[in-house]
There are 2 protein chains.
Amino acid sequence: MASVTEENYLKALFILVTERGMATISDLSKLLKVSLPTANSMIKNLKKQELVNYEKYKPLSLTEKGRREAALVLRKHRLTEMFLVNEMGFGWEEVHEIAEQIEHINSPIFFDRMDKLMGHPTIDPHGSPIPDKDGHIAEEVYEQLSNCRTGEKVRLIALAHSASDFLRYLNNRDLSLGVEMRIVSIEAYDGSMVVSYDNHPAETLTHPVCEKLRVEKVD
Amino acid sequence: MASVTEENYLKALFILVTERGMATISDLSKLLKVSLPTANSMIKNLKKQELVNYEKYKPLSLTEKGRREAALVLRKHRLTEMFLVNEMGFGWEEVHEIAEQIEHINSPIFFDRMDKLMGHPTIDPHGSPIPDKDGHIAEEVYEQLSNCRTGEKVRLIALAHSASDFLRYLNNRDLSLGVEMRIVSIEAYDGSMVVSYDNHPAETLTHPVCEKLRVEKVD
DNA sequence: TAATTTTGTTAGAATAATCTAACTCCATAC
DNA sequence: GTATGGAGTTAGATTATTCTAACAAAATTA
Ligand SMILES: [Mn+2]
Ligand SMILES: [Mn+2]
Ligand SMILES: [Mn+2]
Ligand SMILES: [Mn+2]
């Protein structure tokens, strides 16, 4: 079975490939905060275990076996985050660090129980899909708020990033998943948007923020 | 901060000293299933960190610092076991293996939340005391069922050992903490006891079992 | 194209945790 | 009191994960 370190590499690779379509050794080394030679040697190790496809100087990908293992770690991570929020009362900005550790617990009954207690959730507190027990994961087909137009009404359904400082920024504006907002105006110069929702008649969101908000159209 | 391995050694040492009054390197090596040289070299490491007192060929003890660290790991272990039983619906025979892993999670807020959700429990599902946040632990002053006499009525309040096969044995006889039983008779030959409780008018318990049941007198 | 920067690789070393083999110390049984 | 067996120690090796230094390949910029 994969070690904690190996699990972290597999999960990182899975996320990189999902988000950017590909991954390199230097992507991995930055994400995991290890040196390039460290990532390089771990990749050789994972290749030997037939978990990643790798040829010198070529981009990386997961084998089917590796993809499945990675998805199951991601499942444990996201189930845990949802459990911490729904069953233990944590805020969505508090759960990532804890889940980063609990995702490595080896106990099928523990995660099955979480899953059952919550009624088999399909998304985590940040709107990301939870892979199923076979390692299958729903595709994220959401639109970015930054691609919407003035006058449209949209519902916030997921976040593209979930660093706690960003989550606290959203907390400060009462923005949470499910909030429906109308796009009041878009500043042509820098792409910032003014949106209205609930008790916030005119909240200005910068372009980088709007890119991180995943929405679906309402009406 | 102590590694997972170091935490396991400290906790093992704490338990050995609590149960038997002392600990040796070979006790540790047996309990942790490592070779003697492995335990020996880890003890040197812990001594260097001033977590254990150790002189060549002498028995081991924890320093105040080491005792505190060990108690805090034990706190995480027992809080987790209680959480798994009370909040997640696990049986007392299922929780040890999971807690053995979760006890190494580094997240004060996580364990504080558990503690708060359960209303600050003082014992774990097996009746063992939960150390407080300062690492203080209540003494276990319970009597063994095997030391009680015919006719006495006692309440089961703790277990001296909690291996899952033993716990399943108790489950099969509807024995759980809080059950009040009367000692019907004691077999002089082998010390086995016949006890009656609830819907069990005459359950025979062998001496080794009776030694593992901690009780308090009722009436 | 040539120069420069970024990325990737290899070599070599360190640390933590483990092992086996060989030896020594010590309690106690004769 | 010595012999012996268990406990403890040392030496030396292994595996996993990490690093820095030096160099090579690829990509980008000029
Ligand atoms: Mn992790
Ligand atoms: Mn998440
Ligand atoms: Mn443990
Ligand atoms: Mn317990």
Side-chain angles (χ1 to χ4, degrees), chain A residues 1-13 15-17 19-62 66 69-70 73 100-101 103-106, chain B residues 1-13 15-17 19-62 66 69-70 73 100-101 103-106:
Chain A
M1 215 196 33
S3 68
V4 168
T5 311
E6 289 166 339
E7 285 191 347
N8 282 334
Y9 276 86
L10 291 173
K11 192 185 60 158
L13 216 34
I15 288 171
L16 285 168
V17 170
E19 283 181 359
R20 320 190 187 170
M22 66 161 310
T24 63
I25 290 184
S26 84
D27 290 338
L28 260 187
S29 100
K30 276 164 201 148
L31 189 55
L32 296 175
K33 301 179 203 307
V34 294
S35 69
L36 266 172
T38 297
N40 185 279
S41 92
M42 180 54 71
I43 287 301
K44 286 179 178 171
N45 160 26
L46 294 174
K47 177 192 167 73
K48 197 173 301 164
Q49 296 180 62
E50 298 181 296
L51 294 164
V52 309
N53 300 124
Y54 162 69
E55 297 301 331
K56 264 191 195 179
Y57 301 110
K58 297 275 169 58
L60 305 167
S61 66
L62 289 163
E69 278 233 32
V73 178
E100 200 58 48
Q101 298 179 65
E103 69 190 0
H104 306 294
I105 299 291
N106 174 16
Chain B
M1 215 194 33
S3 69
V4 168
T5 310
E6 290 167 338
E7 285 192 347
N8 283 335
Y9 277 84
L10 290 173
K11 191 184 61 157
L13 215 34
I15 288 169
L16 285 169
V17 170
E19 284 183 359
R20 318 189 188 174
M22 66 163 306
T24 64
I25 290 185
S26 83
D27 290 339
L28 259 188
S29 101
K30 276 164 202 150
L31 189 55
L32 296 175
K33 301 178 203 305
V34 294
S35 69
L36 266 172
T38 299
N40 184 280
S41 93
M42 179 54 72
I43 287 301
K44 285 180 179 171
N45 160 25
L46 295 174
K47 179 192 164 72
K48 197 175 298 164
Q49 295 180 62
E50 298 181 293
L51 293 165
V52 309
N53 300 122
Y54 162 69
E55 297 303 330
K56 264 190 194 177
Y57 300 110
K58 298 272 171 61
L60 304 167
S61 66
L62 289 164
E69 279 233 31
V73 177
E100 201 58 47
Q101 297 178 65
E103 69 190 0
H104 305 292
I105 300 291
N106 175 15

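Computation of the quantities below employed the complete heavy-atom set of this structure, encompassing side-chain atoms and omitting hydrogens, waters and symmetry-equivalent molecules. Reminder, nothing fancy here: chain letters follow the sequence lines and each chain counts from 1. These numbers were taken from a predicted model, which means no experiment stands behind them.
A heavy-atom distance below 4.5 Å is found between the side chains of Leu60(A) and Ile43(A). The closest side-chain heavy-atom distance from Met42(A) to Leu28(A) is not below 4.5 Å. Counting only heavy atoms from C-beta outward, the side chains of Lys11(A) and Glu100(A) approach each other to under 4.5 Å. Side-chain contact between Tyr9(A) and Val34(A) is present, with heavy atoms from C-beta onward closer than 4.5 Å.
The listed nucleotides are dT10(D), dT18(C), dG8(C); the one nearest the side chain of Tyr9(B) is dT18(C). Listed candidates were dG8(D), dA17(C), dG8(C). Nearest to the side chain of Tyr57(A) is dG8(C).
The distance between atom CD1 of Ile25(A) and atom P of dT7(C), rounded to the nearest whole Å, is 12 Å. Distance Leu28(A) CG to dT7(C) P: 13 Å, rounded to the nearest Å. Between the CG atom of Asn40(A) and the C1' atom of dT9(C) there is a distance of 6 Å, given to the nearest Å. In this structure, the NZ atom of Lys56(A) is 10 Å from the C1' atom of dA25(D), given to the nearest Å. Following rounding to the nearest Å, Met22(B) (CE) and dG8(D) (C1') show an atom-to-atom distance of 13 Å. When rounded to the nearest whole Å, the span between CD of Glu7(A) and P of dA16(D) equals 16 Å. Nucleotide dC25(C) holds its C1' atom 16 Å from the CD atom of Glu55(B), rounded to whole Å. Taking atom CG of Asn8(B) as the reference point, atom C1' of dA17(C) lies 12 Å away to the nearest angstrom.
For the segment residues 41-53 of chain B, the set of residues with a heavy atom within less than 4.0 Å of an atom of DNA chain C comprises Ser41(B), Met42(B), Asn45(B), in numerical order. Listed by residue number, Leu36(B), Pro37(B) are the residues of residues 31-39 of chain B with a heavy-atom contact under 4.0 Å to DNA chain D.
Applying the side chain to side chain donor-acceptor pair (under 3.5 Å) rule to Thr5(A) yields no partners; only residues at least two apart in sequence or on another chain are considered.
Within 4.0 Å of Lys58(B), counting heavy atoms only, lies no atom of the nucleic acid at all.
Contact check, Ser26(B) against dG6(D): no side-chain N or O comes under 4.0 Å of OP1 or OP2. OP1 or OP2 of dT17(D) sits under 4.0 Å from a side-chain N or O of Thr5(A).
For CD of Gln49(A), the number of neighbouring non-hydrogen atoms (other residues, nucleotides, ligands) closer than 6.0 Å is greater than 12.
Nearest heavy-atom pair, Met22(B) versus Pro59(B), reported as atom, atom and distance to 0.1 Å: CE-CB, 3.3 Å. Across every non-hydrogen atom of Leu32(B) and Asn8(B), the tightest pair is CD2-O, 3.9 Å.
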task = Any chance you could lay out the side-chain contact (heavy atoms from CB on, under 4.5 Å) test for Glu6(A) and Leu51(A), step after step, and finish with the verdict?
result = CA-CA 10 Å; Glu6(A) 289 166 339; Leu51(A) 294 164; 5.9 Å; no
